[in-house]
Amino acid sequence: MWCHRLTHLFSSTRCLLNRGSGHQISWQPRYRKSLPAVSRWHHMAPASLNCAWQLHGDHLELRYAETLMRFDYVWLRDHCRSASCYNTKTNQRSLDTASVDLCIKPKTVRVDETTLFLTWPDGHVTRYGLEWLVKNSYEGQKQQVMHPRILWNAEIYQQAQVPSVDCQNFLETKEGLKEFLQNFLLYGIAFVENVPPTKEDTEILAERISLIRETIYGRMWYFTSDFSRGDTAYTKLALDRHTDTTYFQEPCGIQVFHCLKHEGTGGRTLLVDGFYAAEQVLQRAPEEFELLTKVPLKHEYIENVMGCHNHMIGVGPVLNIYPWNNELYLLRYNNYDRAVINTVPYDVVHRWYAAHRTLTTELRRPENELWVKLKPGKALFVDNWRILHGRESFTGYRQLCGCYLTRDDMLNTARFLGLQA
Ligand SMILES: C[N+](C)(C)CCCC[C@H](N)C(=O)O
Ligand SMILES: O=C(O)CCC(=O)C(=O)O
Ligand SMILES: [Fe+2]
C-alpha cells in the first residue's frame with residue numbers, strides 16, 4: 001500500500017537523521033565505552049525544579065521553562081556562539097561544521113541560573129543562554145506556527161470587516177503599510193484604494209511591499225480579451241478557481257490585480273481561501289489530506305502564439321506542508337494547467353482523484369466563495385500560495401493590469417516592520 005510505503009519511507013528517513021533511534025551505527029559502542037553516559041538528573045539548586053539536565057550517550061537532555069529538550073552533541077558544538085565560531089555582525093557561522101568530530105561529547109557541563117556551559121575535549125568553551133535554547137530547540141519551535149493566519153469563508157471574511165488601506169497611507173506611512181501587510185498575512189488578500197488607474201501607479205504600489213517577479217508574461221502585465229497569448233485569461237470566458245503559475249518549480253508568491261477599465265457586464269472576481277478548504281479536508285478525511293501532500297503532480301504551460309513560444313513544467317503535490325509541524329504553506333491547484341499524470345501508479349491515482357474531489361467539493365461550496373467586482377482605483381493583492389482566484393465571464397471591453405511578486409521579499413518587508421512572518 002502506498003500509504004504504508006510512504007510512512008515507512010518517512011520513518012526510515014527519520015532514523016537516518018536521528019542516530020539515537022534504532023539505527024545502529026558502528027562508532028556508538030566505541031565512544032560509549034570510553035565516555036560513559038551520566039544518567040542522573042542534575043538540578044541547579046536542591047529546591048529548584050526550574051532547570052535540570054542529564055547527559056546521555058549521544059545527547060544532552062535539558063528541562064527548562066517547562067520544556068523538555070534534547071540536544072545532539074554535534075548540534076551543541078555546531079551552534080556555538082563564541083567569537084571564533086560565530087560572527088555576530090553578520091549572523092553567519094564561521095565554524096567549519098565538517099571539522100567537528102561526529103562522536104564529540106562535552107568534557108564538562110555546568111548550568112547556572114541563566115546559562116549552560118559546555119567544555120569540549122579540546123578545551124573550547126560554549127555558552128548558551130537557557131532562554132535562547134528554549135527559543136531555538138526543536139521542542140520549543142515545533143509548537144510554534146511559522147505563519148499565524150485567519151482561515152476564512154465568505155461570512156468570516158465579511159464579518160471581520162477588514163479595511164482597505166488608502167493609497168497615500170500605504171505609500172507614505174509606515175502604519176498604513178504595516179496594517180496592509182498584517183491583513184495580507186492573516187487573510188491572504190488585501191486591497192488598496194484610491195490608486196490612480198494606471199500601470200505605472202500599480203507598479204509603484206507593488207514595489208512598496210516586494211520585488212516584482214518577471215515571468216514569461218513580462219514584468220508588469222496588462223491584458224484584455226484579445227487572444228494575444230495562448231491562455232484563457234486572455235478571453236471573456238469564466239475561469240474557475242485556481243492558483244497561477246502552478247507550472248513553475250516555485251509558483252509566484254503574490255499576484256497583484258488592478259482593473260483599469262471595464263465597459264460591459266459580468267467579470268466579477270472570485271476568491272476562495274484554499275487553506276480553509278484544506279483544513280476542512282484534514283478534519284473530515286485526514287488520509288485524503290495526507291495523500292494530497294504526498295503525491296507529486298506535474299503542471300504545464302505550452303504556448304505557441306505568434307512570437308510567444310513557452311514550455312514550462314513544475315512538479316509538486318497539491319498541498320505542501322512543513323514536515324516538522326505539518327503546517328500548510330503552499331497550495332498548487334489549477335485544473336486547467338494540470339499536466340498528464342505520469343508520476344503516480346494506477347491504484348494510487350484512483351485514491352488521488354477521490355482526495356482531489358473532496359478538496360474540490362470544499363473549494364466549491366458557495367459559502368466559501370467571496371465575490372468582488374474590481375474597479376479602477378482598487379488594487380487587489382492575492383497570496384498565490386494560499387488563495388484561489390477566478391472570474392465570471394464578461395461582456396464588453398475589460399482591461400486588467402498587474403504583476404507577480406516574490407514572496408520572500410514581502411516577508412522581508414513584514415519582518416522589518418516587526419510583524420511575525
Ligand atoms: C496574469 N496573467 C494574465 C499574466 C497570466 C495568466 C496566467 C494564467 C495561467 N493559466 C496560470 O494560471 O498561471
Ligand atoms: O481576468 C481576471 O479577472 C483574472 C484572470 C486570471 O486568472 C489571471 O489573470 O490570472
Ligand atoms: Fe489566474
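When reading the values below, keep in mind they use all heavy atoms of this one structure, side chains included, and skip hydrogens, waters and symmetry mates. Numbers for residues simply follow the sequence, beginning at 1. This is a predicted model, so every value here is computed, not measured. Whatever order the structure lists them in is the order used to number ligands and atoms, beginning at 1.
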- Task: Look at atom 5 (C) of ligand 1 and say which protein heavy atom is nearest, naming residue and atom and giving the distance to 0.1 Å.
- Result: Tyr404 OH, 3.6 Å
- Query: Tell me: protein heavy atom nearest atom 1 (C) of ligand 1, and distance?
  - Reply: Gln255 OE1, 3.3 Å
- Task: Provide the number and element of each atom of ligand 2 under 4.0 Å from a heavy atom of Phe223.
- Result: 1 (O), 9 (O)
- Message: Going by salt bridge (charged side-chain N to carboxylate O under 4.0 Å, His left out), name the residues that satisfy it together with Glu179, two or more places apart in sequence or in a different chain.
- Response: none
- Task: For atom 1 (O) of ligand 2, find the nearest protein heavy atom and state the residue, atom name and distance (0.1 Å precision).
- Result: Arg391 NH1, 2.7 Å
- Message: Return the closest protein heavy atom for atom 4 (C) of ligand 2 as residue, atom name and distance.
- Response: Phe257 CE2, 4.0 Å
- Message: Could you tell me, atom by atom, which parts of ligand 1 come under 4.0 Å of a heavy atom of Asp337?
- Response: 9 (C), 10 (N), 11 (C), 12 (O), 13 (O)
- Item | Carboxylate-amine/guanidinium proximity below 4.0 Å for Arg219 and Glu207 | yes
- Message: Keeping to distances under 2.8 Å, can you name the protein N/O/S atoms close to the Fe ion (ligand 3)?
- Response: His242 NE2, Asp244 OD1, His389 NE2
- For Thr245, take its heavy atoms, then give the atoms of ligand 1 lying under 4.0 Å from any of them. 11 (C), 12 (O), 13 (O)
- Query: Heavy atom under 4.0 Å from ligand 2: found in Leu400's side chain, backbone, both, or neither?
  - Reply: side chain
- List the steps, then state whether side chain to side chain contact (heavy atoms under 4.5 Å, CB included) holds for Leu133 with Phe71. CA-CA 9 Å; Leu133 286 172; Phe71 297 104; 3.8 Å; yes
- Message: Is there a polar contact, in the sense of an N or O pair closer than 3.5 Å, between Tyr217 and ligand 1?
- Response: no
- Query: Does an N or O from Thr246, backbone or side chain, lie closer than 3.5 Å to an N or O of ligand 1?
  - Reply: no
- Query: Does a salt bridge link Arg77 with Asp101, judged by any charged N lying under 4.0 Å from a carboxylate O?
  - Reply: no
- Going by an N to O cut-off under 4.0 Å, is there a salt bridge joining Asp78 and Arg93? yes
- Query: If you measure from the Lys or Arg side-chain nitrogens to the Asp or Glu carboxylate oxygens, is any gap between Lys135 and Glu131 under 4.0 Å?
  - Reply: no
- Message: Please list, in number order, the atoms of ligand 2 under 4.0 Å from a heavy atom of Arg398.
- Response: 1 (O), 2 (C), 3 (O)
- Message: Here's a test for you: under ring pair (Phe, Tyr, Trp, His ring centres under 6.0 Å), which of Tyr404, Phe180, Phe191 qualifies with Phe381?
- Response: Phe180
- Message: Just to confirm my output: which protein heavy-atom neighbour is closest to atom 10 (O) of ligand 2, and how far is it?
- Response: Asp244 OD2, 2.8 Å
- Task: Determine yes or no for a side-chain-to-main-chain donor-acceptor pair under 3.5 angstrom, with Thr358 supplying the side chain and Ala354 the backbone.
- Result: yes
- Query: Quick one: do Arg407 and Glu250 make a salt bridge, cutoff under 4.0 Å?
  - Reply: no
- Message: If we only consider heavy atoms of Arg229, is any one of them less than 4.0 Å away from an atom in ligand 1?
- Response: no
- Message: Checking the side chain of Lys373 only, and the main-chain atoms of Gly266 only, is there a donor and an acceptor separated by less than 3.5 Å?
- Response: yes
- Query: Do the side chain of Thr243 and the main chain of Leu388 share a donor and acceptor less than 3.5 angstrom apart?
  - Reply: no
- Can you sort out which atoms of ligand 1 are near His242, meaning under 4.0 Å from one of its heavy atoms? 12 (O)
- Message: Could you check whether any side-chain N or O of Thr90 sits under 3.5 Å from a backbone N or O of Gln92, counting only pairs where one atom can act as donor and the other as acceptor?
- Response: yes
- Salt bridge present between Glu362 and Arg284 (N-O < 4.0 angstrom): yes
- Message: Starting from atom 10 (N) of ligand 1, what is the nearest protein heavy atom, named by residue and atom, and what distance separates them?
- Response: Asp231 OD2, 2.6 Å
- Message: For the aromatic rings, using the six-membered ring if either is Trp, is the centroid distance between Tyr128 and Trp132 under 6.0 Å?
- Response: yes
- Query: For atom 11 (C) of ligand 1, which candidate among Tyr234, Tyr247, Tyr301 holds the nearest heavy atom?
  - Reply: Tyr247
- Relative to the heavy atoms of Gln255, which atoms of ligand 2 are at a distance of less than 4.0 Å? 10 (O)
- Query: If you measure from each heavy atom of Trp221 to ligand 1, is any distance below 4.0 Å?
  - Reply: yes
- Query: In terms of atom number and element, which parts of ligand 2 are under 4.0 angstrom from non-hydrogen atoms of Leu239?
  - Reply: 5 (C), 6 (C), 7 (O)
- Is ligand 1 under 4.0 Å from a heavy atom in the side chain of Asn334, in the backbone, in both, or in neither? side chain
